[in-house]
Amino acid sequence: MVKGITPAQPAPLPTEPAARARVDEAERALAIARSAELDRGRLDPVGKAEQALAAARASGWAPVLARALATHANILEEAGRMAPALAGLREATTVALAAGVDVDAATSLADLAWALAVRDRAGEAELALALARPLADRSRDPLAQRRVLGAVATVASTAGRHDEAEAARRALIDLTAAAPDAPATWPASDQFNLAAALISSGKTEAAIAAATQAIALAEGVLGERHPTVATYRTMLARTQNNLGRAADALVTGRQALAELEAWYGADDPHLIDPLETVGISLMRARDPEVVAVLERAASLARAAGADRDLARLQNLLAMHHVNQGQLDRAAVAGAELVRALEQTAGPTAGALVEPLLLVGYVARAQGHLAESRTAFERALAIAVPDYGDDHPATHNLRVELGKTLVAQGQAAAARELLRGRATALAGRTDVDPLIVVETHTVLAAALWALADRAGARAAVAVARRVAAAAPHRPDLAPVVAAWEAAHR
């Protein structure tokens with residue numbers, strides 16, 4: 001018995017012909033609603049899900065009502081209508097438990113945990129998972145167990161427990177391998193989700209391998225131009241960007257964008273992720289097209305009510321203003337974004353890391369060093385538990401904080417911040433080499449300021465070797481050259 005939950009007797013399927021016909025009609029409507037998710041722009045999944053839910057309520061049979069409630073809720077969540085989606089998942093759970101259907105109760109609770117976790121409601125998500133796990137185990141249903149493991153990974157990742165998230169994703173791979181009747185799409189999906197977990201933990205090379213395998217597996221089952229394959233390509237492009245391979249990311253991202261646009265049309269929220277990924281690649285290449293791409297993505301996010309996506313895109317546009325030397329404009333945009341996110345997500349939300357990084361960078365460029373230090377220290381305090389200590393974003397924050405400390409005359413503090421990190425990063429190939437180069441050059445600047453000339457030269461020598469080993473990265477050598485020009 002699941003602790004605290006007495007198993008109900010499963011509700012029998014009606015035998016009276018008229019009642020059975022109502023159940024059959026609800027099942028057909030539910031299948032249509034699920035199919036409509038494949039093309040949200042043309043098939044109106046929300047409308048179809050509402051029809052299915054009405055038919056399920058009219059049927060009077062609790063199991064089909066539980067499934068219809070969950071389907072309706074998940075489609076609402078995809079459409080950005082979170083409040084009714086959460087209410088629907090809770091009602092689906094209640095109905096499924098009363099009907100004695102552990103599988104549906106477990107999957108609804110797992111979906112509820114996922115939705116709560118990605119909106120920083122970790123405590124509620126953990127409670128939902130605590131109920132979902134034993135129900136899935138009692139059901140012994142592979143689909144229920146998959147949904148619960150997926151939710152475990154998401155809850156762990158949003159809480160900064162990236163090793164736990166990765167372990168859950170690998171457990172999913174094992175579960176699929178052991179399931180004799182697993183759908184052909186599961187192995188590709190497993191690799192895609194593993195890639196996402198590896199990105200979150202900063203294991204970029206491994207993430208590229210997993211994303212590449214996901215694409216190959218999905219192409220074999222779904223075909224080269226299927227939207228799921230394009231979604232996997234977007235993940236690969238994002239990972240290539242994280243490793244500093246902007247040119248590769250641009251090619252991959254454009255392909256994903258073209259395929260998704262051909263499938264969904266030009267105004268669908270599915271395009272937000274590939275547009276953002278292409279925008280990041282263009283920003284790194286200093287391509288002026290970046291503004292049009294990011295503004296298009298922001299327009300789609302605004303229309304879809306995707307507030308988090310919109311905040312992230314606005315932050316990228318502000319970073320572009322920095323690249324163009326428009327510091328005052330970037331400072332205003334960054335401060336406004338921080339205030340908005342504090343109100344919507346809370347003062348310690350992971351979504352604040354990037355805008356705080358922007359605020360710190362701009363403040364330093366304007367000579368406001370105390371403000372810069374405060375922003376970087378706050379961002380780092382959020383990033384370590386949220387992203388993880390070895391995440392690329394966390395490494396980058398330490399570099400930027402180190403630069404501000406050196407500029408403040410706090411060279412000893414900069415040395416203590418970076419010395420251990422520089423040693424740990426030396427020789428790493430799974431980290432953007434720019435992070436490695438900058439960690440060593442900023443450490444060298446701190447050591448130079450402390451009159452440790454030998455230590456400074458040793459640190460910059462490591463940076464020089466890393467730059468020389470990456471001739472495909474023309475952005476590295478100028479960093480070393482700038483340090484050498486300033487420290488003769």
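Sequential numbering from 1 along the given sequence is applied to the chain's residues.
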Of the non-hydrogen atoms in [X] and [Y], which two are nearest, and what is the gap between them?
X: Ser281; Y: Leu250; answer: OG-N, 3.5 Å
X: Ala125; Y: Val155; answer: CB-CG2, 3.9 Å
X: Ala188; Y: Ala218; answer: CB-N, 3.6 Å
X: Ile199; Y: Ala207; answer: CG1-CB, 3.6 Å

Expected output: side-chain [X] to main-chain [Y] donor-acceptor under 3.5 Å:
X: Thr107; Y: Asp104; result: yes
X: Ser157; Y: Ala153; result: no
X: Ser189; Y: Thr185; result: no
X: Asp452; Y: Gly455; result: yes
X: Ser372; Y: Gly360; result: yes
X: Ser108; Y: Ala105; result: no

Residue pair [X] / [Y], side-chain heavy-atom distance below 4.5 Å:
X: Ile173; Y: Gln191; result: yes
X: Asp390; Y: His395; result: yes
X: Leu97; Y: Leu135; result: yes
X: Thr94; Y: Arg90; result: no
X: Leu129; Y: Leu109; result: no
X: Val436; Y: Arg465; result: no
X: Ile208; Y: Arg245; result: yes
X: Arg364; Y: Val359; result: no

Q | Under the side-chain contact (heavy atoms from CB on, under 4.5 Å) test, residues paired with Ala412 that sit two or more places apart | A |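 For Ala412, the residues satisfying side-chain contact (heavy atoms from CB on, under 4.5 Å) (neighbours in sequence not counted) are Arg415, Leu450.
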Q. Can you name the side-chain contact (heavy atoms from CB on, under 4.5 Å) partners of Ala331, sequence neighbours left out?
A.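 With neighbours one apart ignored, the set is Val362, Gln366.
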My understanding is that only residues two or more places apart in sequence, or in another chain, count here; which of them pass salt bridge (Lys or Arg N to Asp or Glu O under 4.0 Å) with [X]?
X: Arg133; result: none
X: Arg238; result: Asp273
X: Glu289; result: Arg254
X: Asp267; result: none

Q | Partner residues of Arg233 under the side chain to side chain donor-acceptor pair (under 3.5 Å) criterion, sequence neighbours left out | A |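 Applying side chain to side chain donor-acceptor pair (under 3.5 Å) to Arg233 gives Glu219, Glu259.
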Looking at [atom1] of [X] and [atom2] of [Y], how far apart are the two atoms once the value is rounded to the nearest 0.5 Å?
X: Ser299; Y: Leu275; atom1: OG; atom2: CG; result: 10.5 Å
X: Leu417; Y: Phe376; atom1: CG; atom2: CZ; result: 11.5 Å
X: Asn242; Y: Glu205; atom1: CG; atom2: CD; result: 11.5 Å
X: Glu91; Y: Leu69; atom1: CD; atom2: CG; result: 4.5 Å
X: Leu401; Y: Leu418; atom1: CG; atom2: CG; result: 8.0 Å
X: Thr234; Y: Leu257; atom1: OG1; atom2: CG; result: 8.0 Å

**Q.** From CA spacing to verdict: side chain to side chain contact (heavy atoms under 4.5 Å, CB included), Asn74, Leu89
**A.** CA-CA 8 Å; Asn74 285 322; Leu89 288 170; 4.1 Å; yes
Q) Do Thr277 and Asn241 meet the criterion of a side-chain donor-acceptor pair at a distance under 3.5 Å? A)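 No pair is found: no donor N or O on one side chain lies under 3.5 Å from an acceptor on the other.
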(Q) Within the 3.5 Å criterion, strictly below it, is a donor on Thr404 or Arg373 matched to an acceptor on the partner's side chain? (A)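 Arg373 and Thr404 do not have a side-chain donor-acceptor pair below 3.5 Å.
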(Q) What verdict does the side chain to side chain contact (heavy atoms under 4.5 Å, CB included) test give for Leu357 and Leu397, after you've listed the backbone C-alpha separation in whole Å, the side-chain angles of each residue and the deciding distance to 0.1 Å? (A) CA-CA 7 Å; Leu357 173 64; Leu397 279 168; 3.7 Å; yes
In terms of side-chain geometry, is the basic nitrogen of [X] or [Y] positioned less than 4.0 Å from the acidic oxygen of its partner?
X: Arg170; Y: Glu164; value: no
X: Lys403; Y: Glu400; value: yes
X: Glu484; Y: Arg457; value: no

Taking only distance into account, with no hydrogens and no angle test, what donor-acceptor pairs under 3.5 Å do side-chain atoms of residues 314-325 form with protein atoms, sequence neighbours excluded?
residue, atom, partner, partner atom, Å
His321, ND1, Gln326, OE1, 3.3
His321, NE2, Arg329, NE, 3.3
Asn323, OD1, Arg286, NH1, 3.1

Q: Hey, could you give me each pair passing side chain to side chain donor-acceptor pair (under 3.5 Å) that has a residue in residues 142-156? Not counting sequence neighbours.
A: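 The answer is Asp111-Arg147, Trp114-Thr154, Arg146-Thr176, Arg146-Asp190.
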Q. Once the angle between the rings of His487 and Trp448 is folded into 0 to 90°, is it parallel (under 30°), tilted (30 to 60°) or perpendicular (over 60°)?
A.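 Ring orientation of His487 relative to Trp448: perpendicular.
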Q.
Run Val332 and Glu336 through side chain to side chain contact (heavy atoms under 4.5 Å, CB included) and show every step you take.
A. CA-CA 6 Å; Val332 171; Glu336 289 178 350; 3.6 Å; yes
Q: Would you please test Glu354 and Arg312 for salt bridge (Lys or Arg N to Asp or Glu O under 4.0 Å) and show each step?
A: CA-CA 8 Å; Glu354 289 188 3; Arg312 194 172 59 251; over 6 Å; no
**Q.** For Trp186, ring-ring contact (aromatic ring centres under 6.0 Å, His included) partners two or more places apart
**A.**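 Here no residue qualifies.
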Q: Return the set of residues passing ring-ring contact (aromatic ring centres under 6.0 Å, His included) with Phe192 (not counting sequence neighbours), or none when no residue passes.
A: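 So Phe192 forms a ring-ring contact (aromatic ring centres under 6.0 Å, His included) with Tyr232.
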Identify every side-chain donor-acceptor pair in residues 291-298 under 3.5 Å, counting partners at least two apart or on other chains, and give the distances.
residue, atom, partner, partner atom, Å
Arg296, NH2, Glu261, OE2, 2.9
Arg296, NH2, Ala266, O, 3.2

(Q) Evaluate His440 against Arg464 for side chain to side chain contact (heavy atoms under 4.5 Å, CB included), listing each step before the verdict. (A) CA-CA 9 Å; His440 283 84; Arg464 193 182 302 111; over 6 Å; no
Q: Walk me through it: do Arg398 and Glu416 pass the test salt bridge (Lys or Arg N to Asp or Glu O under 4.0 Å)?
A: CA-CA 11 Å; Arg398 288 195 178 93; Glu416 295 311 307; over 6 Å; no
Q.
Using salt bridge (Lys or Arg N to Asp or Glu O under 4.0 Å), reason through Asp389 and Arg421 one step at a time and then give a plain yes or no.
A. CA-CA 10 Å; Asp389 196 56; Arg421 298 294 163 182; 2.7 Å; yes
